[in-house]
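Just so it is clear, the values below take in all heavy atoms, side chains as well, and ignore hydrogens, waters and symmetry mates. For reference, positions follow the sequence shown, starting with 1.
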Amino acid sequence: MRAKQPPPSTPKLLSGGNPQIPKGDGDAPVQAYIAAMPAWKQSVGRTLDALISEAVPGVRKAVKWNSPFYGAPQQEGWFLSFHCFARYVKVAFFQGAALRPPPPEPSRHAHVRYFHLHEADSIDPAQFSDWVRQASQLPGEKM
């Protein structure tokens, strides 16, 4: 008689609904993070990942600290990350203050700017892709 197999494990959601995904380099951990994003946030994650991948061919990806990170292919460091919160998805541009126009949300760190996406928000693909292209050409943040 076969022992029952445990049900497939689903990632734990941390406070605010952020998926707890093991650290890892490459597309697979990022796709696992996106698949675990709750409700409407999963669609936002797929859209962000697609726009970033299209704007920066060969973009490097990783999951660190339960968030996807993106880096320019020929540079060290990271230019962008996103994270789920209870009411929105926060996109962090690590050198966002240098982008023109800068993303709308300030940070306590002078060089970081944020872009928040709430459930009813839409993404302007042209503006977001422009920020991504600009950010990918700046020095990456080493973490």
Residues P19 and C84: closest non-hydrogen pair is CD-SG, 4.1 Å
Are P22 and V63 close enough that some pair of their side-chain heavy atoms sits under 4.5 Å apart?
no
State plainly whether one hydrophobic cluster holds both Y70 and M143, where clusters connect Ile, Leu, Val, Met, Phe, Trp and Tyr through side-chain heavy atoms under 4.5 angstrom apart.
no
For the backbone of R133 and the side chain of S136, can you confirm whether one donor and one acceptor N or O come within less than 3.5 Å of each other?
yes
Do Y114 and P103 come within less than 4.5 Å of each other through their side chains, counting heavy atoms only?
no
Where is the tightest heavy-atom contact between P68 and S81, given as atom of each residue plus distance?
O-OG, 2.8 Å
Are more than 12 heavy atoms, taken from residues, nucleotides or ligands other than E54, located less than 6.0 Å from that residue's CD atom?
no
Please report the shortest heavy-atom distance between V30 and A62, naming the atom on each side.
CG2-O, 3.6 Å
CD1 of I123 to CG of L51, rounded to nearest 0.5 Å, is 6.0 Å
N66 side chain to I21 backbone, donor-acceptor under 3.5 Å
yes
Return the minimal non-hydrogen interatomic distance between Q75 and R60, and the atom names on each side.
O-NH2, 2.8 Å
G58 and P73: which non-hydrogen atoms are nearest, and at how many Å?
O-CB, 3.4 Å
Contacts of K41 that satisfy salt bridge (Lys or Arg N to Asp or Glu O under 4.0 Å) - sequence neighbours left out:
none
Mind checking whether H118 and H116 have parallel, tilted or perpendicular rings, split at 30° and 60°?
perpendicular
Of L48, V44, V132, which meets side-chain contact (heavy atoms from CB on, under 4.5 Å) against V91?
L48
Give the ring-plane orientation class for F128 versus W131, where under 30° counts as parallel, over 60° as perpendicular and anything between as tilted.
perpendicular
Inter-residue atom distance K90.NZ - S107.OG, 0.5 Å rounding:
7.0 Å
Using atom types as modelled and distance alone, determine if a side-chain donor or acceptor of R46 lies under 3.5 Å from a backbone N or O of I34.
no
Just so I know, are the side chains of V56 and F79 near enough to count as touching, which here means a heavy-atom distance under 4.5 Å?
yes
For A97, does its backbone N or O pair with a side-chain atom of R100 as donor and acceptor, under 3.5 Å?
yes
Below 4.5 Å, heavy atoms only, C-beta onward: do L99 and F93 meet side chain to side chain?
yes
Are F115 and W40 connected in a single hydrophobic cluster, I mean Ile/Leu/Val/Met/Phe/Trp/Tyr linked by side-chain heavy atoms less than 4.5 Å apart?
yes
Could you check whether K61 pairs with D25 (Lys NZ or Arg NE/NH1/NH2 to Asp/Glu carboxylate O, under 4.0 Å)?
no
Are there over 12 heavy-atom neighbours, none belonging to Q20, within less than 6.0 Å of that residue's CD?
yes
Any chance you could lay out the side chain to side chain contact (heavy atoms under 4.5 Å, CB included) test for W78 and K64, step after step, and finish with the verdict?
CA-CA 11 Å; W78 308 99; K64 297 172 177 290; 3.5 Å; yes
So D49 and Y33, side chain to side chain donor-acceptor pair (under 3.5 Å) or not? Walk me through it.
CA-CA 11 Å; D49 184 67; Y33 176 94; over 6 Å; no
Applying side chain to side chain contact (heavy atoms under 4.5 Å, CB included), run through E141 and H111 and close with a yes or a no.
CA-CA 11 Å; E141 193 70 26; H111 57 284; 4.0 Å; yes
Of the non-hydrogen atoms in S122 and L117, which two are nearest, and what is the gap between them?
O-CD2, 4.4 Å
Do M37 and F82 make a side-chain contact, defined as non-hydrogen atoms from C-beta onward lying under 4.5 Å apart?
yes
Can you get from F94 to I52 by hopping between Ile, Leu, Val, Met, Phe, Trp and Tyr side chains that sit under 4.5 Å apart?
no
